[in-house]
Amino acid sequence: MTPCLFCEICAGNIPSAEVFSDDQVLAFRDIDPQAPTHILVIPRRHIASLAELAPADTELLGHLLMTATGIAEGEGLAGAGYRVVVNCGRHGGQAVDHLHVHVLGGRQMAWPPG
Ligand code: AMP
Ligand code: ZN
């Protein structure tokens, strides 16, 4: 089985530019930033995508989002605003099959997204 890239980052086997860490989640800078600030927040436990979440994960999902908003605040994005994105599956443009929340800010975002 191919090891999961983000599980490897959680385990410390692949380096990342860490922004925040606790026992449930890890946040690190995206390697290919699409905005001046681009951070990924992931659960430490492997969950492939939003589509794989179970009711028991409700609290974890809340924690992921609260971590994302806390990071946005800490990065000075809250005043001007920012975007939080979760891509899910092929049509959603998900490339890494380990749930992750994108926090993007520092520039004006467009709508609709591509
Ligand atoms: P998605 O398209 O939603 O699956 O997003 C995957 C994100 O992971 C992309 O924005 C990539 O640039 C990012 N990414 C891939 N490999 C790494 C890595 N080793 N460290 C940090 N970010 C990564
Ligand atoms: Zn994983």
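When a ligand or atom number is given, it counts from 1 through the structure's own listing order. None of these values were measured; they are calculated from a predicted model.
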Original post:
Arg107 side chain to Gln34 main-chain N or O, any donor-acceptor pair under 3.5 Å?
Top reply: yes
Original post:
Quick one: which ligand 1 atoms are inside 4.0 Å of a heavy atom on Leu40?
Top reply: 8 (O), 13 (C), 22 (N)
Subject >> Residue Asp32 vicinity, atoms of ligand 1 by number, heavy atom under 4.0 Å >> reply: 12 (O)
**OP:** Would you mind running through ligand 1 and noting each atom that sits below 4.0 Å from a heavy atom of Gln94?
**Re:** 4 (O)
Subject >> Nearest-0.5 Å distance that lies between atom CD1 in Ile9 and atom CD in Glu18 >> reply: 10.5 Å
**OP:** Flag yes if Leu99 and Leu65 sit in one hydrophobic cluster, no otherwise; membership is Ile, Leu, Val, Met, Phe, Trp, Tyr, and two members link when side-chain heavy atoms are under 4.5 Å apart.
**Re:** yes
Original post:
Which of the N/O/S atoms in His98 sits closest to the Zn ion (ligand 2)?
Top reply: ND1
Original post:
Could a heavy atom of Gly93 be found less than 4.0 Å from some atom of ligand 1?
Top reply: yes
Original post:
Is there at least one pair of N or O atoms, one from Ile31 and one from ligand 1, spaced under 3.5 Å apart?
Top reply: yes
Original post:
Are any of the N/O atoms in Phe6 less than 3.5 Å from those in ligand 1?
Top reply: no
Original post:
How does Asn87 reach ligand 1, by side chain, by backbone, by both or by neither, if only non-hydrogen atoms under 4.0 Å count?
Top reply: side chain
Original post:
Hey, is ligand 1 close enough to Val96 that some N/O pair sits below 3.5 Å?
Top reply: yes
Subject >> Donor-acceptor under 3.5 Å (His91 side chain, Gly89 main chain) >> reply: no
Original post:
Taking distance alone, with no angle check, do His100 and ligand 1 share an N/O pair under 3.5 Å?
Top reply: yes
Original post:
In terms of residue, atom name and distance, what is the protein heavy atom nearest to atom 16 (N) of ligand 1?
Top reply: Leu5 CD2, 3.3 Å
**OP:** Tell me, please: is Asp30 in heavy-atom contact with ligand 1, that is, under 4.0 Å?
**Re:** yes
Original post:
Out of curiosity, does Val41 fall in the hydrophobic cluster containing Val85 (side-chain heavy atoms, cut-off under 4.5 Å, transitive links)?
Top reply: no
**OP:** Measure from the Zn ion (ligand 2) to every N/O/S atom of His46 and report the name of the nearest one.
**Re:** ND1
Subject >> CD1-CZ distance between Ile42 and Arg44, expressed to the nearest 0.5 angstrom >> reply: 8.0 Å
Original post:
Is the closest N or O pair between Arg29 and ligand 1 shorter than 3.5 Å?
Top reply: no
Original post:
Considering only heavy atoms from C-beta outward, does the side chain of Trp111 approach that of Arg83 to under 4.5 Å?
Top reply: yes
**OP:** Please could you name the atoms of ligand 1 that Ala95 approaches to less than 4.0 Å, counting only its heavy atoms?
**Re:** 1 (P), 2 (O), 4 (O)
Subject >> Angle subtended at the Zn ion (ligand 2) by SG of Cys7 and SG of Cys4, nearest 10° >> reply: 120°
**OP:** Mind checking ring-ring contact (aromatic ring centres under 6.0 Å, His included) for His63 and listing every partner two or more places apart, or none if nothing turns up?
**Re:** none
Subject >> Parallel, tilted or perpendicular, as decided by the 30° and 60° cut-offs, for the rings of His38 and His102 >> reply: tilted
Subject >> Backbone of Asp22 reached by a side-chain donor or acceptor of Gln24 within 3.5 Å >> reply: no
